[in-house]
Amino acid sequence: MNTEPWVTASEVAQHLGVVKDTVYRWRERKGLPAHKIGRLWKFQLSEVDEWVRAGGADEHEDGDSSA
């Protein structure tokens, strides 16, 4: 069983050195791994780090579509 703690968007933002709005935008538009628990979005830093290493945060986005 995984015992890694769930963290908030604010904690993810601090971990990555971005603002919280960027975390929510990446979740919505770029597939940043997140899990909805009740009304809150929670994250695991290991999943976030893996997503970043796989290129998820690359800046190739202009607008809402990636095509």
Side-chain angles (χ1 to χ4, degrees):
M1 186 91 187
N2 188 356
T3 59
E4 181 180 351
W6 294 96
V7 298
T8 65
S10 294
E11 291 169 301
V12 172
Q14 184 176 12
H15 177 71
L16 296 177
V18 300
V19 297
K20 185 169 66 170
D21 288 345
T22 298
V23 172
Y24 286 121
R25 187 174 349 103
W26 284 348
R27 181 199 54 80
E28 186 177 315
R29 298 182 185 171
K30 293 187 161 201
L32 176 66
H35 305 271
K36 195 162 188 182
I37 301 174
R39 296 178 3 182
L40 304 174
W41 286 99
K42 295 291 187 170
F43 305 82
Q44 290 194 318
L45 293 180
S46 63
E47 293 179 347
V48 171
D49 289 342
E50 184 178 323
W51 177 82
V52 169
R53 285 188 191 99
D58 287 351
E59 280 299 324
H60 62 278
E61 170 191 4
D62 287 310
D64 291 335
S65 66
S66 59

Requested in this report: Answer yes if the side chains of Gln44 and His35 hold a donor-acceptor pair under 3.5 Å, and no otherwise.
Outcome: no

Query raised in the report: Is there a side chain to side chain contact (heavy atoms under 4.5 Å, CB included) between Asp49 and His15 once you walk through the steps?
Result: CA-CA 9 Å; Asp49 289 342; His15 177 71; 2.8 Å; yes

Query raised in the report: If Ile, Leu, Val, Met, Phe, Trp and Tyr residues are connected whenever their side-chain heavy atoms lie under 4.5 Å apart, and connections chain through other members, are Leu40 and Val12 in the same group?
Result: no

Report task. Mind checking the CD-CG spacing from Glu50 to Leu45? Nearest 0.5 Å is all I need. Result -> 13.0 Å

Report summary line: Value for CG (Leu32) from CG (Leu16), rounded to nearest 0.5 Å, stands at 7.5 Å

Query raised in the report: So which heavy atom on Val19 is nearest to which on Ala13, and how close?
Result: C-CB, 3.7 Å

Requested in this report: Return the minimal non-hydrogen interatomic distance between Ala57 and Trp26, and the atom names on each side.
Outcome: CB-CH2, 3.8 Å

Query raised in the report: So Trp51 and Lys30, side chain to side chain contact (heavy atoms under 4.5 Å, CB included) or not? Walk me through it.
Result: CA-CA 10 Å; Trp51 177 82; Lys30 293 187 161 201; 3.8 Å; yes

Query raised in the report: Is there a donor-acceptor pair closer than 3.5 Å between any side-chain N or O of Lys20 and the backbone N or O of Thr8?
Result: no

Query raised in the report: What about Trp6 and Val48, same hydrophobic cluster or not, with Ile/Leu/Val/Met/Phe/Trp/Tyr joined at side-chain heavy-atom distances under 4.5 Å?
Result: no

**Report entry** Distance-minimising heavy-atom pair for Trp41 and Phe43
**Finding:** O-CE1, 3.8 Å

Query raised in the report: Where the side chain of Glu4 meets the backbone of Ser46, is there a donor-acceptor pair that is under 3.5 Å apart?
Result: yes

